[in-house]
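Encoded as structure tokens, the structure appears first; notes follow it.
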Amino acid sequence: VTCEEFQEVVSAYALGAVDREEGAACEAHLVEATHRGCEEAYRRALATVAAMAGALPRVAPGDGVWRAIEARIGTPERPVVLPPRRRSLGWVTALAAAAAVVFAALWIDQRRTASRERRAALDEIAAAHHAAAAAQQRAEADAQARAALEGELRGVRGALDAQRQVLALLGAPGSRVVSLDPQPGRTGRASAVVNLEQQRAVVVSGSLPPADGKTYQLWVIRGTAAPTPAGFLNPSDGGLLLGLIDPALLTAAPDALAVSLEPPGGSPAPTDVQLMGKLAG
Amino acid sequence: MSEWSLLALALLVAVWTAAGGEQALRDLYRQCGGRVMAMAFRILRDRAEAEDVVQETFVELWRRREAYDERRASPAAWALVVARSRAIDRLRARSALMRAQEAQRQEPPPLPPAVEPVEEREERERVLRAIAELPPEQRQTVELAFYGGLSHGEIAARLDQPLGTVKTRVRLAMEKLQERLAPTAPAAGSAP
């Protein structure tokens, strides 16, 4: 990359809009010894990117954010008290000052280490409490979703084989219920009963609007990978929509499940997502 | 000066520097923490995640303070650039589907803005004007890059436009913004 070429893309580079190879070439160029205005051009571009953030009204972070930063960088709660500066030091005074500063430095270091250890211990305890609270919260959410789904299923009249199967899966050890919530501007809900030990998962909904010639398609989502088609929601007795997630997709826990509205026969990638529910976290 | 005196002086300087560095970080947080938070929230649309980004940003600034090069960026610009990068990292870590859903939303749910001094409001209005005066296609392109963290190629695919067209739009938009925002960039106030 020449200086001219760099300066041609510098604003996009500062904006992070260049692709990986181009970005690497720009980085490599910046560390070269001689330039014709590249550093200045990069500085101006970075300043512009930073200035663009000025379009947003500032929002105060929560009170705990600075305290968390202090804890992570090991800053003492109170500022270090520094000895006053002296204009000149005699040899003896300098020696005494040196000894005092060495001891002070050692003391501060020891105090910081102790403080860091205390903080680490407190962090561990807090993390354990947090994990326990999160687990409790998940269990409560699961119980609520489970009760709602049981009510929904039992409230539908008729002897419904598919529903019996869902209820059986719901009662199986290791099953959990995940609520699939509507995306912005969408309506309806669904519940998914997921049992990874049995590699079975079923999605049930009694409140999605009519598909009007389209079809409700199921999706499994993992990490940053593209969503995987996982089956369809089909009308069942009692006005319910039921769909089995493809068992081959349940060898490992998905991060999320989704329902989208697609043309008949489905789509290779979701085009109109209606509902989504996270399994992870 | 003796070796002991030199050692004492060096230690003194080290202690002063560490304390000064902490104070400098605190000052920087007061100066632009609110701006960092606003930008992270605009990108991630989630308060808790935005606060995590604020925390990560200032911890990273502290840990990499030796690498800071004042010739490349002012401290506030550096903080905002690091924060934007961390927020976009998080955005990219989300699944493609979730990102697609987020991109469909026009605006995130509002958070209460911090108290805004008159001069800061005027500066913000100046930035908004500069962005609003861009031709619509340039504005859309640069906003997808700035808030969505999309690359030229991703923007081209999203907008169904040739790659060269997208590159030109980004370059022209950034040149115009640079010209209009340069005199007082970067914006920074006095409260988080």
Side-chain angles (χ1 to χ4, degrees), chain A residues 8-9 11-12 14-19 39 42-62 65-66 68-69 72-73 75 79-80 82-83 89 91 94-95 97-98 101-102 104-105 108 183-184 219 221-227 255-256 258 270 273 276, chain B residues 2 4-5 7-8 11-12 15-16 19 22 29 33-35 37-39 41-42 51 54-55 58-59 62 71-73 76-77 80-81 85 88 93 95-97 101 105 111 113-114 116 123-124 127-128 131 145-146 149 151-153 167 170-171 174-175 177-178 181-182 185-187 189 192:
Chain A
E8 184 74 13
V9 297
S11 55
L15 192 60
V18 295
D19 63 30
E39 288 177 331
Y42 184 48
R43 180 186 170 88
R44 282 202 310 271
L46 279 183
T48 304
V49 172
M52 287 171 72
L56 303 166
R58 67 173 67 224
V59 176
V65 174
W66 176 252
I69 293 167
R72 287 178 64 184
I73 67 173
T75 307
V80 177
L82 296 169
L89 294 173
W91 187 87
L95 190 60
V101 173
V102 168
I108 289 168
Q183 295 298 289
W219 303 89
I221 299 165
R222 279 199 185 82
T224 57
D255 291 327
V273 176
M276 183 149 33
Chain B
S2 72
W4 272 105
S5 299
L7 176 62
L11 284 167
L12 206 58
V15 173
W16 269 114
E22 289 159 7
Y29 181 81
R35 192 69 84 212
M37 175 72 186
M39 187 177 58
F41 180 73
R42 175 64 181 77
E51 289 187 336
V54 175
Q55 196 187 128
F58 283 89
V59 170
W62 174 255
R71 289 169 304 173
R72 287 197 178 170
L80 286 161
V81 168
S85 178
I88 286 170
S95 77
L97 176 58
Q101 289 302 300
R105 297 184 204 168
L111 282 181
E116 188 174 43
E123 172 61 21
R124 187 161 62 79
V127 177
L128 282 171
I131 294 172
F146 186 79
S151 67
H152 285 139
K167 286 185 175 181
V170 168
R171 185 169 52 75
M174 290 299 287
E175 281 171 6
L177 289 174
Q178 192 162 300
L181 300 177

Straight-line distance of [X] [atom1] to [Y] [atom2], nearest 0.5 Å:
X	Y	atom1	atom2	result
B/Leu181	A/Met52	CG	CE	8.0 Å
A/Leu56	B/Phe41	CG	CZ	10.5 Å
A/Thr48	B/Glu175	OG1	CD	10.5 Å

Ignoring hydrogens, what is the shortest heavy-atom contact between [X] and [Y]? Give both atom names and the distance.
X	Y	result
A/Ala53	B/Met39	CB-SD, 3.8 Å
B/Glu51	A/Gly62	OE2-N, 2.6 Å
A/Ala50	B/Leu80	O-CD1, 3.7 Å
A/Ala55	B/Ile131	CB-CD1, 4.0 Å
B/Gly33	A/Pro61	O-CG, 3.9 Å

Picking from A/Leu46, A/Val18, A/Leu15, A/Val9, which has the most non-hydrogen pairs under 4.5 angstrom with chain B?
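Ranked by heavy-atom pairs under 4.5 Å with chain B, first place is A/Leu15.
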In terms of the angle between their ring planes, are A/Trp66 and B/Phe58 parallel, tilted or perpendicular, with boundaries placed at 30° and 60°?
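Judged by the thresholds at 30° and 60°, the geometry between A/Trp66 and B/Phe58 is perpendicular.
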Looking at side-chain heavy atoms only, is the closest gap between B/Met174 and A/Val49 below 4.5 Å?
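The answer is yes, as the side chains (C-beta and beyond) meet within the 4.5 Å cut-off.
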Is B/Val54 in contact with chain A via its backbone, its side chain, both, or neither, using a 4.5 Å heavy-atom distance?
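Both the backbone and the side chain of B/Val54 come within 4.5 Å of chain A.
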Given a strict heavy-atom distance threshold of 4.5 Å, which part of A/Ala45 is in contact with chain B: side chain, backbone, both, or neither?
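Contact with chain B is through both the backbone and side chain of A/Ala45.
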